[in-house]
Trainee: 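Below you will find the structure I want to go over with you.
Every heavy atom of this structure was used, including side-chain atoms; hydrogens, water molecules and symmetry mates were not.
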Amino acid sequence: MKTKNQQLLEQFNKAFARSDTDFILQHVSDTIKWTAVGDFSVEGKEDFRKALESMTGEEPYELDIHKIITHGKEAAVNGVIKSKDGKQYAFCDVYTFSGFKDVKIIEMTSYVMEIH
């Protein structure tokens with residue numbers, strides 16, 4: 001059985017795959033810090049929103065989550081995301097939560113690489 005945070009992260013990643021910016025923004029703090037290692041770093045909800053919108057695709061991505069690991073206020077999700085044109089990306093996202101009640105994601109570090 002999945003914990004509340006595991007369920008949230010599953011829904012959060014599915015929202016990324018279908019470009020559901022509204023759902024994603026509801027679950028991050030106003031001070032969200034997102035680093036895509038080797039690519040970019042943004043701080044604050046407005047810059048986070050702009051980064052999301054720049055990635056929005058016409059078609060939803062296929063998402064295959066391999067593991068969701070949570071421990072206290074920290075978590076990690078890894079898997080593979082596939083675009084409609086056949087490109088595949090392995091990913092691992094590391095999260096920090098605000099606390100245990102009314103949980104928001106306050107920090108996210110993404111590791112992404114294209115696989116063939």
Side-chain angles (χ1 to χ4, degrees):
M1 189 162 138
K2 294 179 186 164
T3 66
K4 280 178 92 173
N5 285 347
Q6 287 171 323
Q7 290 172 5
L8 168 63
L9 290 173
E10 181 177 17
Q11 293 169 336
F12 191 81
N13 277 268
K14 286 179 178 179
F16 256 94
R18 65 178 185 273
S19 300
D20 185 349
T21 303
D22 291 339
F23 181 89
I24 295 166
L25 290 173
Q26 289 173 18
H27 293 90
V28 299
S29 71
D30 290 340
T31 59
I32 179 72
K33 180 178 179 187
W34 181 23
T35 302
V37 175
D39 196 6
F40 64 85
S41 184
V42 296
E43 287 192 49
K45 198 177 243 184
E46 184 58 25
D47 286 343
F48 182 79
R49 182 188 60 74
K50 287 176 186 173
L52 290 175
E53 288 175 353
S54 75
M55 294 181 211
T56 300
E58 296 293 315
E59 302 277 336
Y61 291 91
E62 287 181 42
L63 176 67
D64 183 14
I65 295 173
H66 296 168
K67 291 214 186 303
I68 300 174
I69 301 167
T70 59
H71 183 76
K73 291 175 22 177
E74 297 178 334
V77 177
N78 78 314
V80 174
I81 195 162
K82 183 177 179 181
S83 66
K84 288 294 178 191
D85 64 5
K87 289 186 178 177
Q88 294 187 80
Y89 301 90
F91 72 91
C92 180
D93 294 326
V94 180
Y95 300 89
T96 304
F97 296 114
S98 57
F100 300 102
K101 288 190 176 202
D102 190 30
V103 172
K104 299 283 185 191
I105 295 166
I106 60 172
E107 191 170 343
M108 187 171 138
T109 303
S110 298
Y111 300 87
V112 181
M113 77 176 182
E114 188 172 357
I115 55 176
H116 305 281

Trainee: According to a hydrophobic-cluster definition based on side-chain heavy atoms being under 4.5 Å apart (Ile, Leu, Val, Met, Phe, Trp, Tyr only), do I65 and F12 belong together?
Mentor: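 I65 and F12: one cluster.
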Trainee: Taking atom NZ as the centre, does K87 end up with more than 12 heavy-atom neighbours from other residues, nucleotides or ligands that are less than 6.0 angstrom away?
Mentor: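 No, NZ of K87 has 12 or fewer neighbouring heavy atoms, counting only those of other groups under 6.0 Å.
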Trainee: For D47, check side chain to side chain contact (heavy atoms under 4.5 Å, CB included) against everything at least two apart and list the hits.
Mentor: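 D47: side chain to side chain contact (heavy atoms under 4.5 Å, CB included) contacts with V42, K50.
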Trainee: Pairs in or reaching into residues 67-81: which pass side-chain hydrogen bond (donor to acceptor under 3.5 Å, both in side chains), with residues at least two apart or in two chains?
Mentor: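 Listed once each, the pairs would be none.
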Trainee: With sequence neighbours excluded, what pairs up with E53 under the salt bridge (charged side-chain N to carboxylate O under 4.0 Å, His left out) test?
Mentor: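 Here the qualifying residues are R49.
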Trainee: Sequence neighbours left out, what passes side chain to side chain donor-acceptor pair (under 3.5 Å) with N13? Give chain and number order.
Mentor: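 With neighbours one apart ignored, the set is Y95.
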Trainee: Which atoms form the tightest heavy-atom contact between M108 and F16, and what is the distance?
Mentor: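 Looking at all heavy atoms of both residues, the shortest contact is CE-CZ, 3.7 Å.
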Trainee: Can you name the side chain to side chain donor-acceptor pair (under 3.5 Å) partners of K104, sequence neighbours left out?
Mentor: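 With sequence neighbours excluded, K104 shows a side chain to side chain donor-acceptor pair (under 3.5 Å) to no residue whatsoever.
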Trainee: Hydrophobic clusters here meaning ILVMFWY residues chained together by side-chain heavy-atom distances under 4.5 Å, can you tell me if V94 and I105 are in one?
Mentor: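 In one cluster: no.
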Trainee: Taking only residues two or more places apart in sequence, or in another chain, which ones meet D93 in a salt bridge (charged side-chain N to carboxylate O under 4.0 Å, His left out)?
Mentor: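 D93 satisfies salt bridge (charged side-chain N to carboxylate O under 4.0 Å, His left out) with no residue once adjacent residues are dropped.
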Trainee: Are I69 and L63 linked, directly or through intermediate hydrophobic residues, by side-chain heavy-atom contacts shorter than 4.5 Å (ILVMFWY only)?
Mentor: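 No, no single cluster joins them.
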Trainee: Can you name the residues that form a side chain to side chain donor-acceptor pair (under 3.5 Å) with D85, not counting sequence neighbours?
Mentor: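 By the side chain to side chain donor-acceptor pair (under 3.5 Å) rule, D85 matches S83.
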Trainee: Could you list the donor-acceptor pairs under 3.5 angstrom formed by side chains in residues 24-37, with sequence neighbours left out?
Mentor:
{"from": "H27", "atom 1": "ND1", "to": "F23", "atom 2": "O", "distance (Å)": "2.8"}
{"from": "S29", "atom 1": "OG", "to": "T31", "atom 2": "N", "distance (Å)": "3.3"}
{"from": "S29", "atom 1": "OG", "to": "T31", "atom 2": "OG1", "distance (Å)": "3.3"}
{"from": "S29", "atom 1": "OG", "to": "I32", "atom 2": "N", "distance (Å)": "3.2"}
{"from": "W34", "atom 1": "NE1", "to": "S110", "atom 2": "OG", "distance (Å)": "2.8"}
{"from": "T35", "atom 1": "OG1", "to": "S41", "atom 2": "OG", "distance (Å)": "3.3"}

Trainee: With sequence neighbours left out, write down each residue that passes salt bridge (charged side-chain N to carboxylate O under 4.0 Å, His left out) with K14, or none if nothing qualifies.
Mentor: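 Checked K14 against salt bridge (charged side-chain N to carboxylate O under 4.0 Å, His left out); matches are E10.
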Trainee: With S98, which residues qualify under side chain to side chain donor-acceptor pair (under 3.5 Å), at least two apart?
Mentor: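 None.
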Trainee: Can you name the residues that form a side chain to side chain contact (heavy atoms under 4.5 Å, CB included) with E59, not counting sequence neighbours?
Mentor: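 Side chain to side chain contact (heavy atoms under 4.5 Å, CB included) check on E59 returns K84.
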Trainee: Mind jotting down which residue pairs meet the ring-ring contact (aromatic ring centres under 6.0 Å, His included) criterion with at least one end in residues 97-116? Sequence neighbours excluded, please.
Mentor: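 Matches after skipping sequence neighbours: none remain.
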